[in-house]
There are 2 protein chains.
Amino acid sequence: MKISEAARALESLGNETRLGIFRTLVRAGLDGLPVGRLQQRLGIPGSTLSHHIGNLVSCKLVTQKREGRVLRCTVNYTKMNALVAYLVKECCQDAGGC
Amino acid sequence: MKISEAARALESLGNETRLGIFRTLVRAGLDGLPVGRLQQRLGIPGSTLSHHIGNLVSCKLVTQKREGRVLRCTVNYTKMNALVAYLVKECCQDAGGC
DNA sequence: TAGTTATTTCGAATAAACTAGAAATAACGA
DNA sequence: TCGTTATTTCTAGTTTATTCGAAATAACTA
């Protein structure tokens with residue numbers, strides 16, 4: 001993972017509203033949640049919510065799939081795990097290991 | 001860890017310059033590095049570097065200790081690990097487990 | 001096709017972050 | 001105390017993010 005890609009994802013999660021959306025989706029698991037359900041749970045105006053979800057999708061932390069009238073959002077666990085791994089990798093390498 | 005605290009730390013890491021500083025310190029391990037050494041390695045103007053280090057320190061991802069004329073910066077591994085844990089905790093809890 | 005629900009896009013106001021030069025402070029050694 | 005090195009604080013210009021109402025689009029149902 002490139003540093004610019006990691007920074008982009010961390011920046012996305014570094015907004016309290018987006019982190020709230022993301023954490024709600026993490027708890028929801030593999031099935032995810034429709035946008036409207038997120039709106040119910042979080043109480044955010046639709047345009048604001050859509051803007052933040054778009055941000056999470058654009059850096060691939062969240063994926064979306066249309067199901068009729070509903071857009072279902074799901075955490076991209078592969079991306080999440082890669083991001084977590086990026087933060088800690090090569091730890092203490094310049095000092096000869098932890 | 002509160003969501004506001006996690007978002008604050010993620011926001012800090014979500015800037016490419018700061019992420020570069022942080023990753024350099026992660027690789028440096030427990031001994032960390034003086035500010036000047038970071039400046040040599042990263043080639044950032046002093047005032048900009050100081051500003052970003054201050055940001056990392058203010059959200060406790062990095063600690064500083066004066067050693068004579070030099071200020072040594074070290075990653076707060078406890079905080080780093082807590083942040084990583086925050087991102088993945090309660091995963092799939094609303095769906096009955098992963 | 002008309003109506004309804006779900007969601008996005010547009011637009012514009014407000015707020016905040018990033019950058020870096022210059023000046024200030026801190027700590028040491030002569 | 002003076003000079004030198006290390007780092008921060010000040011300041012200001014520029015850029016970028018956040019917010020949300022209103023209007024537009026998408027998909028279904030009658």
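Residue numbers begin at 1 in each chain, while the letters A, B, ... track the order of the sequences. Being a predicted model, the structure only gives us computed values, none of them experimental.
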Does one side chain, of T63(B) or R72(B), offer a donor that lies under 3.5 Å from an acceptor on the other? no
note: L19(A), atom CG; dT18(D), atom P; distance rounded to Å ~ 13 Å
Nucleotide by nucleotide, 5' to 3', does protein get under 4.0 Å of the base (B), only the sugar-phosphate (S), or neither (-) in nucleotides 17-30 of chain C, counting heavy atoms? SSBBBB----BB--
Nearest whole Å is fine: how far is dT8(C) P from L56(A) CG? 12 Å
Applying side chain to side chain contact (heavy atoms under 4.5 Å, CB included) to S50(B) and not counting sequence neighbours gives none
Separation of dA26(D) atom P from L71(A) atom CG, nearest Å, is 12 Å
Charged N to carboxylate O under 4.0 angstrom, E11(A) versus R18(A)? no
Expressed as a whole number of angstroms, how long is the span from Q39(A):CD to dC20(D):C1'? 12 Å
Would you list the atom pairs, donor with acceptor, under 3.5 Å between side chains in residues 23-34 of chain B and any protein atom, with sequence neighbours excluded?
from   : atom 1 : to     : atom 2 : distance (Å)
R23(B) : NH1    : Y86(A) : O      : 3.3
R23(B) : NH1    : L87(A) : O      : 3.2
R23(B) : NH1    : K89(A) : O      : 2.8
R23(B) : NH2    : K89(A) : O      : 2.9
R23(B) : NH2    : E90(A) : OE1    : 3.3
T24(B) : OG1    : G20(B) : O      : 2.7
R27(B) : NH1    : E90(A) : OE1    : 3.1

Rounding to an integer number of Å, can you tell me how far R72(A) CZ sits from dA6(C) P? 13 Å
Tell me the interatomic distance from I53(B), atom CD1, to dT9(D), atom P, rounded to whole angstroms. 12 Å
Give me the one residue out of L42(A), L61(A), V75(A), L13(A) that meets side chain to side chain contact (heavy atoms under 4.5 Å, CB included) with I21(A). L42(A)
Contact under 4.0 Å: Q64(A) side-chain N or O vs dT8(C) OP1/OP2: yes
Heavy-atom pair of closest approach, residues Q39(A) and P45(A): NE2-C, 3.9 Å
What integer distance in Å separates L49(A):CG from dT18(D):C1'? 14 Å
